[in-house]
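Below is one structure, written out as C-alpha coordinates, with a few remarks after it.
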Amino acid sequence: MDPELSARRGEWLAIAESLKPALLETRHAPVSIVSVERDDAAFQGWSVRRPDSADSLASRVLGGNEGVTLDFGAYLVGHLTLRAENVERPPGAPLRLRFVFAERPAELGESFDDYRGWLSRAWLQEEIHVVDALPATVRPPRRYAFRYVRIEVADHALPYKVRLSDVECTATSCIDTDDIPPLSPDVPGDLTEIDRVGCITMAACMQTVVEDGTKRDRRMWLGDMRLCALANYATARRFDPIRHCLYLFCGLTDDEGLNSACLYEHPHPVRGEDEIVDYSVQLAPTLLEYAEASGDFATARDLCHVAFRQIEIAFADCDSRGVFTNPKGKWVFVDWNPDVLHTEAAINGMIVACARAAARLAMLCGEPDAAARMTTIADTMADGSRGRFLDETTGVVVSGPDRQVSYASVAWLTIGGVLTAAESRRAFLELFGIGDAIRPVTPSLTHHVVQALFDCGLKDEAWATVRSFWGGMVERGADAFWEVFDADDPMRSPYGSPLMNSYCHAWSAGVVHFIRRAYPPD
Ligand code: RAM
(Lines give C-alpha, C1' and ligand atoms only; values in the text may rest on other atoms or scores of the structure.)
Protein backbone atom coordinates (compact mmCIF):
# COMPACT_ATOMS: atom_id res chain seq x y z
CA MET A 1 0.00 0.00 0.00
CA ASP A 2 0.93 3.60 -0.40
CA PRO A 3 3.39 4.10 2.52
CA GLU A 4 1.86 7.47 3.21
CA LEU A 5 -1.61 5.95 3.70
CA SER A 6 -0.18 3.20 5.81
CA ALA A 7 1.53 5.73 8.06
CA ARG A 8 -1.68 7.62 8.58
CA ARG A 9 -3.64 4.73 10.06
CA GLY A 10 -2.54 5.52 13.63
CA GLU A 11 -3.45 9.15 13.19
CA TRP A 12 -6.90 8.20 11.86
CA LEU A 13 -7.53 5.89 14.80
CA ALA A 14 -6.64 8.73 17.15
CA ILE A 15 -9.10 11.02 15.34
CA ALA A 16 -11.72 8.27 15.58
CA GLU A 17 -11.15 8.00 19.32
CA SER A 18 -11.64 11.74 19.73
CA LEU A 19 -14.96 11.52 17.90
CA LYS A 20 -16.43 8.65 19.91
CA PRO A 21 -19.96 9.79 20.72
CA ALA A 22 -21.34 10.07 24.22
CA LEU A 23 -24.36 7.89 24.89
CA LEU A 24 -27.61 9.46 26.00
CA GLU A 25 -29.53 7.56 28.62
CA THR A 26 -33.29 7.29 28.95
CA ARG A 27 -35.17 5.36 31.61
CA HIS A 28 -38.10 3.07 30.89
CA ALA A 29 -40.43 1.04 33.06
CA PRO A 30 -42.36 -2.03 31.91
CA VAL A 31 -45.98 -1.46 30.96
CA SER A 32 -47.49 -4.89 31.45
CA ILE A 33 -47.12 -8.40 32.71
CA VAL A 34 -47.61 -10.79 29.82
CA SER A 35 -47.90 -14.42 28.95
CA VAL A 36 -46.53 -15.86 25.73
CA GLU A 37 -48.65 -18.54 24.15
CA ARG A 38 -48.50 -20.91 21.21
CA ASP A 39 -50.58 -19.47 18.41
CA ASP A 40 -50.34 -20.96 14.95
CA ALA A 41 -51.89 -17.84 13.45
CA ALA A 42 -49.20 -15.55 14.92
CA PHE A 43 -45.87 -14.68 13.35
CA GLN A 44 -43.38 -17.46 14.18
CA GLY A 45 -46.15 -19.26 16.09
CA TRP A 46 -46.19 -17.25 19.35
CA SER A 47 -48.45 -14.48 20.56
CA VAL A 48 -48.49 -12.28 23.64
CA ARG A 49 -51.40 -11.79 26.06
CA ARG A 50 -51.48 -8.99 28.58
CA PRO A 51 -53.31 -10.19 31.67
CA ASP A 52 -52.01 -7.50 34.04
CA SER A 53 -50.51 -4.06 34.23
CA ALA A 54 -46.89 -3.85 35.40
CA ASP A 55 -48.07 -2.12 38.59
CA SER A 56 -49.36 -5.44 39.86
CA LEU A 57 -45.80 -6.78 40.03
CA ALA A 58 -45.25 -5.36 43.53
CA SER A 59 -48.18 -7.38 44.86
CA ARG A 60 -46.89 -10.70 43.47
CA VAL A 61 -44.59 -13.03 45.31
CA LEU A 62 -42.56 -15.68 43.54
CA GLY A 63 -41.53 -19.02 44.91
CA GLY A 64 -39.04 -21.56 43.55
CA ASN A 65 -39.23 -22.10 39.80
CA GLU A 66 -41.79 -19.33 39.40
CA GLY A 67 -41.35 -16.36 37.13
CA VAL A 68 -42.86 -13.37 35.47
CA THR A 69 -42.63 -11.92 31.95
CA LEU A 70 -42.63 -8.16 31.49
CA ASP A 71 -43.35 -6.11 28.40
CA PHE A 72 -41.73 -2.69 28.10
CA GLY A 73 -44.08 -1.79 25.24
CA ALA A 74 -41.19 -0.57 23.06
CA TYR A 75 -37.87 -1.73 21.69
CA LEU A 76 -34.96 -0.90 24.02
CA VAL A 77 -31.19 -1.33 24.13
CA GLY A 78 -29.72 -1.00 27.58
CA HIS A 79 -29.25 -2.27 31.11
CA LEU A 80 -31.89 -3.65 33.42
CA THR A 81 -32.14 -2.94 37.13
CA LEU A 82 -34.67 -4.14 39.67
CA ARG A 83 -35.18 -4.53 43.36
CA ALA A 84 -35.47 -8.00 44.90
CA GLU A 85 -36.54 -8.66 48.48
CA ASN A 86 -37.27 -11.72 50.52
CA VAL A 87 -40.75 -12.04 52.00
CA GLU A 88 -42.14 -14.22 54.79
CA ARG A 89 -38.73 -15.58 55.84
CA PRO A 90 -35.14 -14.45 56.08
CA PRO A 91 -33.10 -15.14 52.95
CA GLY A 92 -31.68 -18.51 53.94
CA ALA A 93 -29.92 -19.02 50.61
CA PRO A 94 -28.67 -16.86 47.75
CA LEU A 95 -31.25 -15.89 45.16
CA ARG A 96 -30.68 -17.51 41.77
CA LEU A 97 -32.44 -15.55 39.03
CA ARG A 98 -32.61 -16.41 35.35
CA PHE A 99 -33.27 -13.62 32.87
CA VAL A 100 -34.33 -14.07 29.25
CA PHE A 101 -34.40 -10.95 27.12
CA ALA A 102 -36.43 -11.12 23.94
CA GLU A 103 -36.80 -8.98 20.86
CA ARG A 104 -39.66 -11.17 19.62
CA PRO A 105 -42.18 -13.38 21.47
CA ALA A 106 -40.69 -16.55 19.90
CA GLU A 107 -37.51 -16.04 21.95
CA LEU A 108 -39.64 -16.50 25.06
CA GLY A 109 -41.75 -19.33 23.69
CA GLU A 110 -38.97 -21.55 22.34
CA SER A 111 -36.36 -23.17 24.55
CA PHE A 112 -32.81 -21.98 23.96
CA ASP A 113 -31.65 -25.48 24.94
CA ASP A 114 -33.04 -26.75 21.64
CA TYR A 115 -30.98 -24.26 19.61
CA ARG A 116 -28.87 -26.10 17.01
CA GLY A 117 -27.93 -23.25 14.65
CA TRP A 118 -24.39 -22.49 13.54
CA LEU A 119 -23.68 -19.24 15.36
CA SER A 120 -22.67 -19.25 19.02
CA ARG A 121 -25.49 -19.84 21.48
CA ALA A 122 -24.02 -17.01 23.55
CA TRP A 123 -25.89 -14.57 21.31
CA LEU A 124 -29.19 -15.81 22.71
CA GLN A 125 -29.98 -13.39 25.47
CA GLU A 126 -30.13 -15.20 28.80
CA GLU A 127 -28.32 -14.78 32.05
CA ILE A 128 -28.15 -16.51 35.41
CA HIS A 129 -27.58 -13.98 38.14
CA VAL A 130 -27.00 -15.04 41.74
CA VAL A 131 -27.59 -12.48 44.50
CA ASP A 132 -25.91 -13.16 47.84
CA ALA A 133 -27.81 -10.91 50.21
CA LEU A 134 -31.37 -9.58 50.14
CA PRO A 135 -32.95 -7.11 49.80
CA ALA A 136 -30.79 -5.93 46.92
CA THR A 137 -30.69 -3.92 43.74
CA VAL A 138 -30.02 -6.37 40.93
CA ARG A 139 -28.25 -5.29 37.78
CA PRO A 140 -27.37 -7.95 35.20
CA PRO A 141 -24.00 -6.75 33.86
CA ARG A 142 -24.57 -7.16 30.13
CA ARG A 143 -26.33 -4.75 27.83
CA TYR A 144 -29.41 -6.31 26.26
CA ALA A 145 -31.66 -5.57 23.27
CA PHE A 146 -35.28 -6.35 23.97
CA ARG A 147 -38.89 -5.48 24.40
CA TYR A 148 -39.74 -8.36 26.74
CA VAL A 149 -37.89 -9.80 29.71
CA ARG A 150 -38.66 -12.99 31.57
CA ILE A 151 -37.38 -13.20 35.15
CA GLU A 152 -37.46 -16.59 36.85
CA VAL A 153 -36.42 -17.88 40.23
CA ALA A 154 -34.19 -20.63 38.82
CA ASP A 155 -34.17 -22.74 41.95
CA HIS A 156 -36.65 -25.49 42.82
CA ALA A 157 -35.73 -25.33 46.53
CA LEU A 158 -35.85 -21.64 47.33
CA PRO A 159 -36.40 -21.52 51.11
CA TYR A 160 -38.27 -18.18 51.08
CA LYS A 161 -40.35 -16.10 48.67
CA VAL A 162 -39.31 -13.11 46.62
CA ARG A 163 -40.89 -9.85 45.61
CA LEU A 164 -39.54 -8.00 42.57
CA SER A 165 -40.12 -4.28 42.08
CA ASP A 166 -38.74 -1.09 40.52
CA VAL A 167 -37.87 -2.84 37.28
CA GLU A 168 -36.30 -0.34 34.95
CA CYS A 169 -34.25 -0.24 31.77
CA THR A 170 -31.66 2.47 31.23
CA ALA A 171 -31.59 2.60 27.45
CA THR A 172 -28.74 4.10 25.44
CA SER A 173 -28.21 5.63 22.01
CA CYS A 174 -26.01 8.39 20.66
CA ILE A 175 -29.11 9.83 18.98
CA ASP A 176 -31.52 12.11 20.77
CA THR A 177 -34.82 11.18 19.18
CA ASP A 178 -36.05 14.72 19.94
CA ASP A 179 -33.67 15.84 17.18
CA ILE A 180 -35.69 13.94 14.60
CA PRO A 181 -37.93 16.42 12.79
CA PRO A 182 -41.58 15.46 12.49
CA LEU A 183 -42.69 13.99 9.21
CA SER A 184 -44.58 16.06 6.73
CA PRO A 185 -48.34 15.64 7.26
CA ASP A 186 -48.52 14.68 3.57
CA VAL A 187 -46.99 11.30 4.28
CA PRO A 188 -49.61 8.52 4.09
CA GLY A 189 -50.35 6.69 7.35
CA ASP A 190 -48.69 3.41 6.45
CA LEU A 191 -45.47 5.13 5.42
CA THR A 192 -45.59 7.19 8.64
CA GLU A 193 -45.66 3.96 10.59
CA ILE A 194 -42.75 2.55 8.56
CA ASP A 195 -40.82 5.76 9.20
CA ARG A 196 -41.54 5.53 12.95
CA VAL A 197 -40.22 1.97 13.20
CA GLY A 198 -37.28 2.87 10.93
CA CYS A 199 -36.29 5.77 13.21
CA ILE A 200 -36.42 3.47 16.24
CA THR A 201 -34.16 1.03 14.39
CA MET A 202 -31.71 3.75 13.43
CA ALA A 203 -31.50 5.23 16.94
CA ALA A 204 -31.15 1.81 18.59
CA CYS A 205 -28.31 0.74 16.30
CA MET A 206 -26.44 4.02 16.77
CA GLN A 207 -24.48 3.34 19.91
CA THR A 208 -20.78 4.35 20.14
CA VAL A 209 -20.52 2.89 16.62
CA VAL A 210 -23.29 1.88 14.25
CA GLU A 211 -23.90 -1.70 15.32
CA ASP A 212 -25.31 -4.03 12.67
CA GLY A 213 -27.68 -5.56 15.16
CA THR A 214 -28.16 -4.64 18.80
CA LYS A 215 -28.64 -8.27 19.84
CA ARG A 216 -26.24 -9.70 17.25
CA ASP A 217 -23.49 -9.12 15.91
CA ARG A 218 -23.04 -5.94 17.97
CA ARG A 219 -20.15 -4.99 15.69
CA MET A 220 -19.83 -2.59 12.83
CA TRP A 221 -20.21 -3.85 9.26
CA LEU A 222 -19.66 -1.26 6.58
CA GLY A 223 -22.77 -2.04 4.55
CA ASP A 224 -25.03 -1.89 7.59
CA MET A 225 -23.41 1.34 8.75
CA ARG A 226 -23.94 2.91 5.34
CA LEU A 227 -27.71 2.38 5.23
CA CYS A 228 -28.21 3.42 8.85
CA ALA A 229 -26.16 6.55 8.14
CA LEU A 230 -28.57 7.42 5.31
CA ALA A 231 -31.46 7.25 7.78
CA ASN A 232 -29.52 9.48 10.17
CA TYR A 233 -28.78 12.09 7.45
CA ALA A 234 -32.49 12.22 6.64
CA THR A 235 -33.53 12.68 10.28
CA ALA A 236 -31.34 13.51 13.29
CA ARG A 237 -28.39 14.60 11.13
CA ARG A 238 -25.76 13.68 13.72
CA PHE A 239 -22.66 13.62 11.57
CA ASP A 240 -19.82 13.16 14.08
CA PRO A 241 -20.83 9.60 15.04
CA ILE A 242 -20.61 8.64 11.36
CA ARG A 243 -17.33 10.48 10.96
CA HIS A 244 -16.10 8.43 13.94
CA CYS A 245 -17.08 5.23 12.09
CA LEU A 246 -15.39 6.33 8.84
CA TYR A 247 -12.12 7.09 10.63
CA LEU A 248 -12.28 3.71 12.37
CA PHE A 249 -12.68 1.84 9.09
CA CYS A 250 -9.88 3.76 7.40
CA GLY A 251 -7.63 3.45 10.44
CA LEU A 252 -8.03 -0.32 10.30
CA THR A 253 -7.22 -1.02 6.64
CA ASP A 254 -4.63 -3.77 6.17
CA ASP A 255 -1.16 -3.38 4.70
CA GLU A 256 -2.55 -3.73 1.18
CA GLY A 257 -4.92 -0.89 1.91
CA LEU A 258 -7.94 -3.20 1.99
CA ASN A 259 -10.84 -2.11 4.12
CA SER A 260 -12.21 -4.76 6.45
CA ALA A 261 -15.87 -5.65 6.11
CA CYS A 262 -16.44 -5.32 9.83
CA LEU A 263 -14.67 -4.21 12.93
CA TYR A 264 -14.82 -4.86 16.65
CA GLU A 265 -14.86 -1.96 19.01
CA HIS A 266 -13.92 -3.61 22.32
CA PRO A 267 -11.61 -3.74 24.16
CA HIS A 268 -9.95 -1.61 21.49
CA PRO A 269 -10.77 -1.28 17.79
CA VAL A 270 -9.57 -4.20 15.64
CA ARG A 271 -10.45 -5.23 12.12
CA GLY A 272 -12.75 -8.21 11.76
CA GLU A 273 -11.57 -11.37 10.06
CA ASP A 274 -14.00 -11.10 7.14
CA GLU A 275 -13.29 -9.34 3.88
CA ILE A 276 -16.32 -8.85 1.70
CA VAL A 277 -15.94 -7.39 -1.78
CA ASP A 278 -19.27 -5.55 -1.40
CA TYR A 279 -18.22 -3.79 1.78
CA SER A 280 -14.80 -2.88 0.51
CA VAL A 281 -16.06 -1.09 -2.61
CA GLN A 282 -18.97 0.53 -0.75
CA LEU A 283 -16.55 2.67 1.23
CA ALA A 284 -16.63 5.13 -1.72
CA PRO A 285 -20.40 5.81 -1.71
CA THR A 286 -20.39 5.79 2.09
CA LEU A 287 -17.80 8.55 2.19
CA LEU A 288 -19.47 10.46 -0.65
CA GLU A 289 -22.90 10.33 1.01
CA TYR A 290 -21.40 11.47 4.31
CA ALA A 291 -19.62 14.41 2.68
CA GLU A 292 -22.64 15.47 0.65
CA ALA A 293 -24.99 15.26 3.62
CA SER A 294 -22.69 16.97 6.13
CA GLY A 295 -20.71 19.32 3.88
CA ASP A 296 -17.56 18.03 5.62
CA PHE A 297 -15.27 17.70 2.61
CA ALA A 298 -12.17 17.96 4.81
CA THR A 299 -12.89 14.44 6.09
CA ALA A 300 -13.65 13.26 2.57
CA ARG A 301 -10.32 14.63 1.33
CA ASP A 302 -8.49 13.04 4.23
CA LEU A 303 -9.91 9.57 3.57
CA CYS A 304 -10.80 9.45 -0.12
CA HIS A 305 -7.63 7.63 -1.22
CA VAL A 306 -8.60 4.67 0.92
CA ALA A 307 -11.90 4.51 -0.95
CA PHE A 308 -10.18 4.74 -4.37
CA ARG A 309 -7.86 1.92 -3.33
CA GLN A 310 -10.84 -0.42 -2.76
CA ILE A 311 -12.04 0.11 -6.31
CA GLU A 312 -8.55 -0.53 -7.68
CA ILE A 313 -8.24 -3.75 -5.66
CA ALA A 314 -11.55 -5.01 -7.08
CA PHE A 315 -10.65 -3.95 -10.61
CA ALA A 316 -7.38 -5.88 -10.40
CA ASP A 317 -9.51 -9.04 -10.22
CA CYS A 318 -11.39 -8.31 -13.46
CA ASP A 319 -10.78 -10.29 -16.63
CA SER A 320 -9.71 -8.82 -19.96
CA ARG A 321 -13.30 -7.79 -20.78
CA GLY A 322 -13.59 -5.85 -17.54
CA VAL A 323 -15.77 -8.39 -15.76
CA PHE A 324 -15.14 -9.19 -12.10
CA THR A 325 -15.04 -12.98 -12.05
CA ASN A 326 -13.80 -13.38 -8.48
CA PRO A 327 -10.67 -15.38 -9.39
CA LYS A 328 -9.50 -15.42 -5.77
CA GLY A 329 -12.80 -16.76 -4.44
CA LYS A 330 -13.42 -13.79 -2.15
CA TRP A 331 -16.66 -13.42 -0.17
CA VAL A 332 -19.25 -11.74 -2.38
CA PHE A 333 -22.32 -11.15 -0.25
CA VAL A 334 -25.15 -9.25 -2.05
CA ASP A 335 -27.87 -10.97 0.01
CA TRP A 336 -28.30 -13.67 2.65
CA ASN A 337 -29.11 -16.30 0.07
CA PRO A 338 -25.70 -17.86 -0.61
CA ASP A 339 -26.76 -21.29 -1.85
CA VAL A 340 -29.28 -19.93 -4.31
CA LEU A 341 -28.37 -16.47 -5.56
CA HIS A 342 -25.88 -16.18 -8.43
CA THR A 343 -24.11 -12.97 -7.49
CA GLU A 344 -21.90 -12.24 -10.50
CA ALA A 345 -24.12 -9.74 -12.30
CA ALA A 346 -24.98 -7.98 -9.05
CA ILE A 347 -21.41 -7.61 -7.82
CA ASN A 348 -20.29 -6.23 -11.16
CA GLY A 349 -23.10 -3.67 -11.14
CA MET A 350 -22.20 -2.81 -7.57
CA ILE A 351 -18.51 -2.25 -8.32
CA VAL A 352 -19.47 -0.03 -11.26
CA ALA A 353 -21.83 1.97 -9.03
CA CYS A 354 -19.13 2.34 -6.39
CA ALA A 355 -16.50 3.33 -8.97
CA ARG A 356 -18.87 6.04 -10.23
CA ALA A 357 -19.38 7.24 -6.65
CA ALA A 358 -15.59 7.23 -6.23
CA ALA A 359 -15.21 9.35 -9.39
CA ARG A 360 -17.69 11.90 -8.05
CA LEU A 361 -15.98 11.86 -4.66
CA ALA A 362 -12.64 12.49 -6.37
CA MET A 363 -14.01 15.47 -8.30
CA LEU A 364 -15.52 16.98 -5.15
CA CYS A 365 -12.22 16.45 -3.32
CA GLY A 366 -10.22 18.17 -6.05
CA GLU A 367 -8.55 14.97 -7.26
CA PRO A 368 -9.01 15.03 -11.06
CA ASP A 369 -6.45 12.25 -11.74
CA ALA A 370 -8.21 9.90 -9.37
CA ALA A 371 -11.56 10.90 -10.88
CA ALA A 372 -10.29 9.95 -14.33
CA ARG A 373 -8.99 6.59 -13.06
CA MET A 374 -12.28 5.79 -11.35
CA THR A 375 -14.29 6.77 -14.42
CA THR A 376 -12.15 4.56 -16.65
CA ILE A 377 -12.72 1.62 -14.32
CA ALA A 378 -16.47 2.29 -14.21
CA ASP A 379 -16.78 2.59 -17.99
CA THR A 380 -14.63 -0.46 -18.71
CA MET A 381 -16.56 -2.61 -16.28
CA ALA A 382 -19.92 -1.27 -17.46
CA ASP A 383 -19.08 -2.30 -21.04
CA GLY A 384 -17.98 -5.75 -19.90
CA SER A 385 -21.11 -6.20 -17.79
CA ARG A 386 -23.54 -5.15 -20.51
CA GLY A 387 -22.08 -7.71 -22.87
CA ARG A 388 -22.14 -10.45 -20.31
CA PHE A 389 -25.38 -9.97 -18.38
CA LEU A 390 -27.93 -8.20 -20.60
CA ASP A 391 -29.78 -10.33 -23.14
CA GLU A 392 -30.48 -7.54 -25.63
CA THR A 393 -33.08 -9.57 -27.52
CA THR A 394 -35.34 -10.32 -24.58
CA GLY A 395 -34.32 -7.41 -22.33
CA VAL A 396 -33.77 -9.85 -19.46
CA VAL A 397 -30.72 -9.63 -17.18
CA VAL A 398 -29.11 -13.02 -16.51
CA SER A 399 -26.27 -14.26 -14.32
CA GLY A 400 -24.29 -17.49 -14.38
CA PRO A 401 -24.28 -20.62 -16.53
CA ASP A 402 -27.96 -21.28 -15.76
CA ARG A 403 -28.86 -17.74 -16.78
CA GLN A 404 -30.38 -17.04 -13.39
CA VAL A 405 -32.82 -14.15 -13.15
CA SER A 406 -32.85 -12.18 -9.91
CA TYR A 407 -33.83 -8.86 -8.37
CA ALA A 408 -30.23 -8.50 -7.21
CA SER A 409 -28.84 -8.50 -10.76
CA VAL A 410 -31.30 -5.97 -12.18
CA ALA A 411 -31.07 -3.72 -9.13
CA TRP A 412 -27.30 -3.40 -9.16
CA LEU A 413 -26.89 -3.11 -12.93
CA THR A 414 -29.44 -0.30 -12.71
CA ILE A 415 -27.75 1.53 -9.84
CA GLY A 416 -24.43 1.21 -11.64
CA GLY A 417 -25.94 2.78 -14.75
CA VAL A 418 -24.87 -0.29 -16.75
CA LEU A 419 -28.35 -0.30 -18.29
CA THR A 420 -30.12 2.77 -19.63
CA ALA A 421 -33.22 3.80 -17.68
CA ALA A 422 -35.41 2.32 -20.42
CA GLU A 423 -33.47 -0.96 -20.36
CA SER A 424 -33.79 -1.09 -16.58
CA ARG A 425 -37.54 -0.53 -16.72
CA ARG A 426 -37.87 -3.28 -19.28
CA ALA A 427 -35.65 -5.63 -17.27
CA PHE A 428 -37.69 -4.99 -14.11
CA LEU A 429 -41.03 -5.45 -15.89
CA GLU A 430 -39.78 -8.73 -17.39
CA LEU A 431 -38.56 -9.77 -13.95
CA PHE A 432 -41.94 -9.10 -12.30
CA GLY A 433 -43.45 -11.63 -14.72
CA ILE A 434 -40.93 -14.39 -13.98
CA GLY A 435 -42.36 -16.45 -11.13
CA ASP A 436 -39.11 -18.10 -10.09
CA ALA A 437 -36.98 -14.94 -10.21
CA ILE A 438 -34.84 -14.90 -7.05
CA ARG A 439 -36.25 -12.36 -4.62
CA PRO A 440 -34.33 -10.47 -1.90
CA VAL A 441 -34.41 -11.71 1.67
CA THR A 442 -32.57 -8.92 3.43
CA PRO A 443 -33.68 -5.35 3.88
CA SER A 444 -30.23 -4.48 2.57
CA LEU A 445 -30.82 -5.90 -0.90
CA THR A 446 -34.44 -4.76 -0.83
CA HIS A 447 -33.19 -1.23 -0.11
CA HIS A 448 -31.12 -1.39 -3.27
CA VAL A 449 -34.06 -2.76 -5.27
CA VAL A 450 -36.10 0.25 -4.13
CA GLN A 451 -33.20 2.57 -4.99
CA ALA A 452 -32.97 1.04 -8.47
CA LEU A 453 -36.73 1.30 -9.05
CA PHE A 454 -36.59 5.01 -8.19
CA ASP A 455 -33.46 5.47 -10.33
CA CYS A 456 -35.13 4.12 -13.45
CA GLY A 457 -38.43 5.90 -12.91
CA LEU A 458 -40.57 3.01 -11.62
CA LYS A 459 -41.79 5.08 -8.69
CA ASP A 460 -45.05 3.22 -8.05
CA GLU A 461 -43.21 -0.10 -7.98
CA ALA A 462 -40.64 1.39 -5.58
CA TRP A 463 -43.35 2.43 -3.11
CA ALA A 464 -45.16 -0.89 -3.55
CA THR A 465 -41.92 -2.64 -2.55
CA VAL A 466 -41.51 -0.41 0.51
CA ARG A 467 -45.10 -1.16 1.49
CA SER A 468 -44.96 -4.90 1.00
CA PHE A 469 -41.52 -5.43 2.56
CA TRP A 470 -41.22 -2.96 5.45
CA GLY A 471 -45.01 -2.72 5.71
CA GLY A 472 -45.05 -6.54 5.89
CA MET A 473 -42.80 -6.41 8.96
CA VAL A 474 -45.02 -3.75 10.55
CA GLU A 475 -48.07 -5.95 9.92
CA ARG A 476 -46.31 -8.77 11.72
CA GLY A 477 -45.74 -6.59 14.77
CA ALA A 478 -42.18 -5.33 14.18
CA ASP A 479 -41.04 -3.00 16.97
CA ALA A 480 -37.83 -2.37 15.02
CA PHE A 481 -36.90 -3.62 11.53
CA TRP A 482 -35.31 -7.00 11.08
CA GLU A 483 -32.19 -8.53 9.60
CA VAL A 484 -34.11 -10.82 7.24
CA PHE A 485 -37.71 -10.96 6.20
CA ASP A 486 -39.41 -13.46 3.94
CA ALA A 487 -43.18 -12.95 3.83
CA ASP A 488 -43.62 -16.58 2.79
CA ASP A 489 -41.33 -18.12 5.38
CA PRO A 490 -41.47 -16.69 8.92
CA MET A 491 -38.80 -19.15 10.07
CA ARG A 492 -36.26 -18.11 7.46
CA SER A 493 -32.81 -17.70 8.95
CA PRO A 494 -29.29 -17.54 7.54
CA TYR A 495 -28.08 -19.19 10.76
CA GLY A 496 -30.20 -22.32 11.09
CA SER A 497 -32.64 -20.81 13.60
CA PRO A 498 -34.85 -17.71 13.59
CA LEU A 499 -33.97 -17.30 17.29
CA MET A 500 -30.54 -16.20 16.12
CA ASN A 501 -31.85 -13.59 13.66
CA SER A 502 -31.51 -9.99 14.67
CA TYR A 503 -34.79 -8.10 14.97
CA CYS A 504 -33.28 -4.63 15.07
CA HIS A 505 -30.84 -4.37 12.22
CA ALA A 506 -29.08 -1.26 10.97
CA TRP A 507 -29.36 -2.04 7.26
CA SER A 508 -33.13 -2.03 7.49
CA ALA A 509 -33.26 1.58 8.71
CA GLY A 510 -32.35 3.02 5.30
CA VAL A 511 -36.02 2.97 4.29
CA VAL A 512 -36.42 6.19 6.29
CA HIS A 513 -34.21 7.93 3.75
CA PHE A 514 -36.65 7.13 0.91
CA ILE A 515 -39.66 8.36 2.87
CA ARG A 516 -38.02 11.57 4.09
CA ARG A 517 -36.50 12.35 0.70
CA ALA A 518 -39.82 11.93 -1.07
CA TYR A 519 -41.80 13.88 1.51
CA PRO A 520 -39.62 16.70 2.79
CA PRO A 521 -41.20 18.60 5.71
CA ASP A 522 -42.22 22.20 4.93
C1 RAM B 1 -24.12 -10.73 9.22
C2 RAM B 1 -24.95 -9.57 9.59
C3 RAM B 1 -24.48 -8.27 9.02
C4 RAM B 1 -24.04 -8.42 7.59
C5 RAM B 1 -23.05 -9.50 7.43
C6 RAM B 1 -22.66 -9.72 6.00
O7 RAM B 1 -23.19 -10.96 10.19
O8 RAM B 1 -26.22 -9.85 9.14
O9 RAM B 1 -25.52 -7.35 9.08
O10 RAM B 1 -23.52 -7.21 7.13
O11 RAM B 1 -23.58 -10.70 7.92
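Basis for what follows: all heavy atoms, side chains included, without hydrogens, waters or symmetry-related copies. Just follow the structure's listing: the first ligand is 1, and inside any ligand the first atom is 1.
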Audit row: F514, L230, side chain to side chain contact (heavy atoms under 4.5 Å, CB included) steps and yes/no: CA-CA 9 Å; F514 296 121; L230 289 177; over 6 Å; no

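Using a cutoff of 4.0 Å between basic side-chain nitrogens and carboxylate oxygens, R271 and E275 are scored as salt-bridged.
The side-chain tip of R403 does not point at the ring of F389 from less than 6.0 angstrom away and within 45° of straight on. Cation-pi geometry between R219 and Y264 is not met at under 6.0 angstrom from the ring centre and within 45 degrees of the axis.
Using a 30° and 60° split on the angle between ring planes, F333 and W507 fall in the parallel class, below 30°. A parallel orientation is assigned to the rings of F101 and Y144, their planes being inclined by less than 30° (bins at 30° and 60°).
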Identify all N/O pairs between ligand 1 and the protein with a separation under 3.5 Å and present them as a table of atom names and distances.
residue: ligand 1; atom: 7 (O); partner: D217; partner atom: OD2; Å: 2.6
residue: ligand 1; atom: 8 (O); partner: W336; partner atom: NE1; Å: 3.4
residue: ligand 1; atom: 8 (O); partner: E483; partner atom: OE2; Å: 2.5
residue: ligand 1; atom: 8 (O); partner: Y495; partner atom: OH; Å: 3.3
residue: ligand 1; atom: 8 (O); partner: H505; partner atom: NE2; Å: 3.4
residue: ligand 1; atom: 9 (O); partner: D224; partner atom: OD1; Å: 3.2
residue: ligand 1; atom: 9 (O); partner: D224; partner atom: OD2; Å: 2.5
residue: ligand 1; atom: 9 (O); partner: H505; partner atom: NE2; Å: 2.7
residue: ligand 1; atom: 10 (O); partner: D224; partner atom: OD1; Å: 2.6
residue: ligand 1; atom: 10 (O); partner: Y279; partner atom: OH; Å: 2.8

